[in-house]
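Have a look at the structure below, then the notes.
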Amino acid sequence: MDKLNIVPFVSVENMMRLVNAIGPERFMKELGLVIEDDFRRWESFDKVARIPSHSAEGVIELMPTSDGEVYGFKYVNGHPKNARSGRQTVTAFGVLSDVATGYPVLLSEMTILTALRTAATSATAAKFLARKNARTMAIIGNGAQSDFQAIAFKSILGVDKVRLYDIDRSASLRLARNLVGTGIEAVICESGADALEGADIVTTVTADKQYATVLNDNMVGEGIHINAVGGDCPGKTELQKEILLRSDIFVEFPPQTRIEGEIQQLDDDYPVTELWQVMAGEADGRKSDRAITLFDSVGFAVEDFSALRYVRAKLQETGLFEELDLLADPDDPRDLFGMLLRAKEREKLAV
Ligand code: NAD
């Protein structure tokens, strides 16, 4: 990695090896701590709402941030109908760069990493917002993100019972199968209301590009923590508005969440608390056992930055990367064209 033109690249194959080598539970726990660290130094980051390109079928977004030393961005899409053609709803890749030179220092797959960071962020938020000793979680929407959510909540909070509901029962069966042997007991439920019976936490992680009502007001009892993950785009929400009016609402970056989150249903000046302030001890999290807390998650660039930073820190010890010849690096920096000419000469000699 000393060669200036070489950038470490973490492929999907190597990401899977990395997660399996570390173990998903430990990965999530360690990543949660990195996210917490970065949220505590929130004010040192350049922040901007992600830059979307919407279409009828979905969205493609760029998510940049920098802490002044390292710059990072993620490319990510969200296409709810992709599953019908055998594709993922969400795919992603990301880059970290050295601010001093502008040179990239990491290129990584982020489809798997996004699921890990989303789940680690959710569980870390719940650590501050859910009732202490929460052990049972309802998961509504049992697609690609849901296994990661279950494992993160087990690892970071000790949740060991999940109550599953999906409009497609085969999705719940798939999730329950994947959780066998994790120490998490999974119960498949007949409805969202059934899933919420006895739950301390509910995670909504459905995908549908519409104002959906995955949770309605009378399903939500006192003291519950709502981890609302699926509503993350203009025109795409999961909760009935009345629930928001009864909840203490926590968000990542208000300018982004007001456009994309559940709170797009509320006035622009409706009071919300920034999650980083709770983690930094500057604002209250849960105020009582009877309060309803809501983490209106949309996914923010700092979480991706944390995830890439975590992966980068593991590269030397694991060697799980390839060397990518990504940057043109002529001997004389000004002689870029000469580098082309010399390459042509070499090709001629090789014939
Ligand atoms: P997916 O398509 O793999 O799974 C979604 C599941 O939801 C499917 O099994 C579907 O049958 C189910 N579903 C749809 N409507 C439902 C309803 N009304 N009730 C119950 N189940 C329902 O999608 P995924 O990759 O798991 O992503 C889920 C959502 O999470 C997406 O909307 C995605 O954009 C969002 N997401 C958010 C973040 C974040 O940081 N907040 C990060 C990643 C993904």
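One-based numbering, in listed order, for ligands and for the atoms of each. Heavy-atom basis, side chains included; hydrogens, waters and symmetry copies ignored.
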Item checked: Part of Val205 with heavy atoms under 4.0 Å of ligand 1, whether side chain, backbone, both or neither -> both
Margin query: Against ligand 1, does Glu238 come closer than 4.0 Å with any heavy atom?
Written below: no
Check: Are any of the side-chain nitrogens in Arg163 or Glu197 under 4.0 Å away from the carboxylate oxygens of its partner?
Finding: no
Margin query: Just to verify, what does Tyr211 make a side-chain contact (heavy atoms from CB on, under 4.5 Å) with, not counting sequence neighbours?
Written below: Thr237, Gln264
Item checked: Heavy-atom nearest option to atom 40 (O) of ligand 1, drawn from Ala92, Gly299, Gly261 -> Gly299
Notebook entry, point to check: What residues, two or more places apart in sequence or in another chain, satisfy ring-ring contact (aromatic ring centres under 6.0 Å, His included) together with Phe153?
Noted result: none
Next item on the list: Mind checking whether Ala144 contacts ligand 1 via backbone (N, CA, C, O), side chain (CB onward), both or neither, at a 4.0 Å heavy-atom cut-off?
Entry: both
Checklist line | Charged N-O contact under 4.0 Å between Asp248 and Arg286 | finding: no
Note to self: Considering non-hydrogen atoms of the protein only, which is the closest contact for atom 6 (C) of ligand 1, and what is the distance?
What the structure shows: Asp166 OD2, 3.6 Å
Margin query: When you measure from the heavy atoms of Gln88 to every atom of ligand 1, does any distance fall below 4.0 Å?
Written below: no
Item checked: Per-residue contact class, Arg169 against ligand 1 - non-hydrogen pairs under 4.0 Å -> neither
Note to self: Please classify the Glu303 to ligand 1 contact at 4.0 Å (heavy-atom distances, strictly less than): side chain, backbone, both or neither.
What the structure shows: neither
Notebook entry, point to check: Identify the closest protein heavy atom to atom 29 (C) of ligand 1: which residue and atom is it, and at what distance?
Noted result: Thr206 O, 3.1 Å
Next item on the list: For residues Tyr310 and Phe27, establish whether the separation of their ring centroids is below 6.0 Å.
Entry: yes
Next item on the list: Just say parallel, tilted or perpendicular for the rings of Phe253 and Trp42, cut-offs at 30° and 60°.
Entry: tilted
Next item on the list: Tell me, please: is Ser297 in heavy-atom contact with ligand 1, that is, under 4.0 Å?
Entry: yes
Next item on the list: Please state which part of Ile167 comes within less than 4.0 Å of ligand 1, counting heavy atoms only: side chain, backbone, both or neither.
Entry: both
Next item on the list: Out of Gly143, Ser146, Ser172, indicate the one that has the non-hydrogen atom closest to atom 4 (O) of ligand 1.
Entry: Gly143
Notebook entry, point to check: Under 4.0 Å from ligand 1, counting heavy atoms only, is it the side chain of Asn82, its backbone, both or neither?
Noted result: neither
Note to self: Restricting to non-hydrogen atoms, name the atom on Leu31 and the atom on Ala307 that form the minimum distance, rounded to 0.1 Å.
What the structure shows: CD1-CA, 3.6 Å
Checklist line | ligand 1-proximal atoms of Asp232, by part, heavy-atom distance under 4.0 Å | finding: side chain
Next item on the list: Please determine if Arg131 and Asp200 form a salt bridge, counting it only when a charged side-chain N lies under 4.0 Å from a carboxylate O.
Entry: yes
